[in-house]
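Working notes, structure below.
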Number of protein chains: 2
Amino acid sequence: MAGRVGLDKQSVVEAAAKMADERGLQRVTLSALADSLGVRTPSLYHYIDGSDGLRRELALYGLRGLGMGLQWAAVGKQTDQAIEAMFLSYRAFAREHPGVYEVTLRAPDPLDEELRSASQRVVDTVLAVLEPYRLSPDDAIHVVRSFRATAHGFVALEAAGAFGLPLSPEQSYRRLIAVFLNGLRMLE
Amino acid sequence: MAGRVGLDKQSVVEAAAKMADERGLQRVTLSALADSLGVRTPSLYHYIDGSDGLRRELALYGLRGLGMGLQWAAVGKQTDQAIEAMFLSYRAFAREHPGVYEVTLRAPDPLDEELRSASQRVVDTVLAVLEPYRLSPDDAIHVVRSFRATAHGFVALEAAGAFGLPLSPEQSYRRLIAVFLNGLRMLE
DNA sequence: ACGATTTATCTAATGTGATTAGATCATAAT
DNA sequence: ATTATGATCTAATCACATTAGATAAATCGT
């Protein structure tokens, strides 16, 4: 009998995140997670609210990481350079944390204040970068949505292995960014 | 005892598709599907290869529907109008078939010839529409990837409920399409 | 230092879903 | 009718999630 193991919510979530990124989100079962922590499955219920609760924690963890990444990427940059940096940062995060990234998009309970605010940080960062374009408030939101759609779409297709051909995804992404920035220019 | 029910693969897949669209993909269990067909769970194994097999059939079904939709949308249209029509058709399919659409993107076994070819039809349709832009072969593929990324990204965010604000997704999508088409113009 | 409280962890039990093996029974073919 | 085929079933097993309640380790007040 190992006695107390000394877990806490953070270490559980981090172990789950690591497992999600290394083995794939679907293989993160409470069973496997408990094993990897040297504990029985029901013990996890002291830290997380079951399987759905763990997902939610992972989503929060992911959204925060993504938001921080975007914010850092935009530091000291302006307009097109800032947007490009955010695009690159977005993809980098998704590639480094495929399992965690995958869960960030699922099931955002509109009443979940923490999730909402982590999500808002992403939006606000993009909005801040759009400042110098002097868009109307509505237009700015349309563009934020477009940014997220564009970045997410590429990253999701890439993660799903949808790009089979022997043509660099790197380059495709740069092209996509160029298309986006060119397109933006017409709105100014 | 009901005796023979008279199922076949197609009716099983179609029932699963309906269930996925109406109740959500994750609620399509072999159990629930068997129930809805008036049959015991193991009976389904005569038509599909377990849970993963069913997913694969759904993905194929979805890709074919999506491909047909895109092709129809582009009939009789050219350049920007054709691309816009494909964008609208893409979103329409995803909204009409949320459960089926969701599965089209997952786990494309590269050795699965049927899946590959259904997927290729989507690519080929977009490539055909790009013809008049006279892009290099590589550029054309970059643009196809960009199209799919853009359309998928928007549609996935929308389905995930990521657009919380009281601003029309319809309009956002039209803006996104405009940005894309504007961006394309610079490549010509 | 000691008993009481708290709490981290456990065992046991239940439920749902997937899957396999092999039996049964309806239909079709002869 | 007889047999062969195959669609469907029952029974059994397994993995995972979840809840209830027991146990034992740590902590706290004295």
Side-chain angles (χ1 to χ4, degrees), chain A residues 1-61 99-100 102-103 106-107 109 112, chain B residues 1-62 99-100 102-103 106-107 109 112 115:
Chain A
M1 302 314 135
R4 301 230 164 166
V5 179
L7 295 178
D8 57 13
K9 185 163 165 174
Q10 194 185 337
S11 55
V12 169
V13 172
E14 278 169 7
K18 191 157 169 261
M19 187 177 279
D21 290 338
E22 288 172 356
R23 305 193 213 165
L25 184 62
Q26 80 185 137
R27 264 175 277 202
V28 181
T29 64
L30 295 189
S31 218
L33 182 58
D35 266 7
S36 88
L37 291 168
V39 107
R40 301 303 184 124
T41 307
S43 306
L44 297 177
Y45 284 75
H46 268 265
Y47 304 106
I48 50 160
D49 190 10
S51 216
D52 287 350
L54 177 59
R55 293 263 168 136
R56 184 260 179 198
E57 296 303 329
L58 282 176
L60 188 56
Y61 181 84
V100 168
E102 188 182 344
V103 90
R106 292 216 273 211
D109 177 353
D112 187 327
Chain B
M1 304 314 136
R4 301 235 164 160
V5 179
L7 295 178
D8 56 13
K9 186 163 164 175
Q10 195 185 334
S11 56
V12 169
V13 172
E14 278 169 8
K18 192 158 168 262
M19 188 176 280
D21 290 337
E22 288 172 357
R23 305 193 214 167
L25 184 61
Q26 80 186 138
R27 264 176 278 202
V28 181
T29 63
L30 294 190
S31 221
L33 182 56
D35 267 6
S36 87
L37 291 167
V39 107
R40 300 304 183 125
T41 308
S43 306
L44 296 178
Y45 284 76
H46 268 266
Y47 305 106
I48 51 160
D49 191 11
S51 216
D52 287 351
L54 177 60
R55 293 263 167 138
R56 184 261 180 197
E57 296 302 330
L58 282 177
L60 188 55
Y61 181 83
V100 168
E102 188 182 343
V103 89
R106 292 216 274 209
D109 176 353
D112 188 325
L115 261 190

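Please read these numbers as outputs of a predicted model, since none were measured by experiment. By convention in this document, chain letters (A, B, ...) are assigned in the order of the sequence lines, proteins followed by strands, and residues within each chain are numbered from 1.
- In A:Asp49, the CG atom is not crowded: 12 or fewer heavy atoms of neighbouring residues, nucleotides or ligands sit closer than 6.0 Å.
- Other residues, nucleotides and ligands contribute more than 12 heavy atoms inside 6.0 Å of the CD atom of B:Glu14.
- Computed from coordinates, the B:Gln26 CD to C:dA18 P distance equals 12 Å when rounded to whole Å.
- Counting heavy atoms from C-beta outward, A:Leu44 and A:Leu54 have side chains that stay 4.5 Å or more apart.
- The side-chain heavy atoms of B:Thr29 and B:Thr41, taken from C-beta on, include no pair separated by under 4.5 Å.
- D:dT19 atom C1' lies 12 Å from atom NE2 of A:His46, rounded to whole Å.
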Interface polar pairs with nucleotides 12-15 of chain C, N/O, under 3.5 angstrom:
none

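- Protein atom CZ of B:Arg40 is 4 Å distant from nucleotide atom P of D:dT10, rounded to whole Å.
- Between A:Ala15 and A:Leu37 the shortest heavy-atom distance is CB-CD2, 3.8 Å.
- When rounded to the nearest whole Å, the span between CG of A:Leu44 and C1' of D:dT18 equals 12 Å.
- In plain terms, the two heavy atoms of A:Ala32 and A:Met19 that are nearest each other are O-CE, 3.6 Å.
- B:Tyr45 approaches B:Gly50 most closely through the heavy-atom pair CE2-CA, 3.6 Å.
- The closest side-chain heavy-atom distance from B:Leu25 to B:Arg55 is below 4.5 Å.
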Output one line per pair: protein atom, nucleotide atom from nucleotides 15-17 of chain D, and distance, for all N/O pairs under 3.5 Å.
residue, atom, partner, partner atom, Å
D:dA17, OP1, A:Leu30, N, 3.3
D:dA17, OP2, A:Leu30, N, 2.8
D:dA17, OP2, A:Ser31, N, 2.9

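- If you take CG of B:Asp35 and C1' of D:dC9, they are 15 Å apart, rounded to a whole angstrom.
- To the nearest angstrom, P of C:dT9 lies 13 Å from CG of A:Leu33.
- Atom NZ of B:Lys9 and atom C1' of D:dA7 are 16 Å apart (whole Å).
- Protein atom CG of B:Asp8 is 17 Å distant from nucleotide atom P of C:dT27, rounded to whole Å.
- For the residue pair B:Val100 and B:Asp21, the shortest heavy atom distance occurs at N-OD1, 3.0 Å.
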